[in-house]
Amino acid sequence: MKKSVIILVLLLLTFASQAKAGVYISEIMYDYEGTDTDYEWVELANDGGSDVNISGWKFNDGSNHNLNTPPTNGSTGSLVVPANGFLILASNASSFNSLYNLSESVIDTVMSMNNTTETISILDSNSSTIDSVSFSSADGANGDGKTLQLVSGSWVSEIGRAHV
């Protein structure tokens, strides 16, 4: 009996960890051309085989910020990052949606990234860090219409996928 309980607990921990292990920060628009007020955004990707519900998660740019459940503040879609899919966190979901025509969910949240150097994080509902990225204007994408994108494990400055 004791051995069965231990195995069950280990299986539950493994599945719980796998359910959120696939979500990571994959693209960052921290310095939009011209004024970036209301135009900053972060793409979350899920390379896991299961959808991940991010209800209760927070975006951190030095302070923890709640994610607005759609349709609050222009958010669209849902707080679920689909398996092998994407979701956008936007400083202003309405502004983002007026610029880009995407099928992915767009979630409004407070976001005010520094244009010179910044560390951003995604925290789960237990305040555990799911992913964290540090970047600086020296990495590129500083007011030139490009974004920082995670490509083959490295951050590069390229035309944003939202533009394509």
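Position 1 is the first residue of the sequence, and the numbers go up from there.
Looking only at atom types and distance, the side chain of N126 has no donor-acceptor partner in the side chain of S128 under 3.5 Å away. With 3.5 Å as the limit, one finds a donor-acceptor pair spanning the side chains of N53 and S55.
With contacts defined as side-chain heavy-atom distances shorter than 4.5 Å, the pair Y39/L99 qualifies. A 4.5 Å side-chain heavy-atom check between D139 and W155 finds every atom pair outside the cut-off.
Interatomic distance, L89 CG to E43 CD, rounded to the nearest 0.5 Å: 10.0 Å. Of the inter-residue distances, the one linking T76 atom OG1 with I88 atom CD1 reads 9.5 Å to the nearest 0.5 angstrom. Atom OG1 of T109 is separated from atom NZ of K58 by 9.0 Å, given to the nearest 0.5 angstrom. Note that CG of L79 is 10.5 Å distant from CH2 of W57, once rounded to the nearest 0.5 Å.
Residue I107 is tested with N73, L67, T72 for a side chain to side chain contact (heavy atoms under 4.5 Å, CB included); the sole match is L67. Among T69, N66, N68, the single residue meeting the side-chain hydrogen bond (donor to acceptor under 3.5 Å, both in side chains) criterion with D108 is N68.
In terms of heavy-atom proximity, G74 sits nearest to S94 at CA-OG, 3.6 Å. The minimum heavy-atom distance linking M29 with K146 is given by the pair CE-O, 3.6 Å. Taking both residues in full, the closest heavy atoms of D61 and E118 are given as O-OE2, 3.4 Å, listed atom of the first, atom of the second, then distance. Between G77 and S105 the shortest heavy-atom distance is CA-OG, 3.3 Å. A pairwise comparison of heavy atoms in V80 and P82 identifies O-CD, 3.3 Å as the closest pair.
Remark: the backbone N or O of A138 is paired with a side-chain donor or acceptor of S136 at under 3.5 angstrom. Between the side chain of S91 and the backbone N or O of E40 there is at least one donor-acceptor pair closer than 3.5 Å. No donor-acceptor pair closer than 3.5 Å links the side chain of T147 to the backbone N or O of I28. A donor-acceptor pair under 3.5 Å links the side-chain atoms of D51 to the main chain of A83, judged by distance alone. Panel note: side chain S157, backbone A141; a donor-acceptor pair is recorded below 3.5 Å. Side chain of D131 to backbone of I25: a donor-acceptor contact under 3.5 angstrom is found. Checking side-chain atoms of Q149 against main-chain N and O of I159 turns up a donor-acceptor pair under 3.5 Å. A donor-acceptor contact shorter than 3.5 Å links the side chain of N46 to the backbone of S50. The backbone N or O of N84 lies less than 3.5 Å from no partner atom in the side chain of D47, so there is not a single donor-acceptor pair.
Annotation: ring-ring contact (aromatic ring centres under 6.0 Å, His included) contacts of Y30 (sequence neighbours excluded): F135. With sequence neighbours left out, N115 forms a side chain to side chain donor-acceptor pair (under 3.5 Å) with D31, D36.
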Evaluation steps, side chain to side chain donor-acceptor pair (under 3.5 Å), between S121 and S132: CA-CA 4 Å; S121 304; S132 184; 3.0 Å; yes
Stepwise side-chain contact (heavy atoms from CB on, under 4.5 Å) test for L148 and E27: CA-CA 6 Å; L148 292 179; E27 188 172 2; over 6 Å; no
Derivation and outcome, side-chain contact (heavy atoms from CB on, under 4.5 Å), residues V81 and I54: CA-CA 7 Å; V81 187; I54 62 170; 4.0 Å; yes
L87/E104 under side-chain contact (heavy atoms from CB on, under 4.5 Å): CA gap, chis, key distance, verdict: CA-CA 5 Å; L87 175 145; E104 286 83 17; 5.7 Å; no
CA sep, side-chain torsions, deciding dist, call: F59, V42, side-chain contact (heavy atoms from CB on, under 4.5 Å): CA-CA 10 Å; F59 173 78; V42 171; 3.9 Å; yes
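Using the six-membered ring where Trp is involved, W41 and Y100 have ring planes that are perpendicular, over 60° apart on the 30 and 60° scheme.
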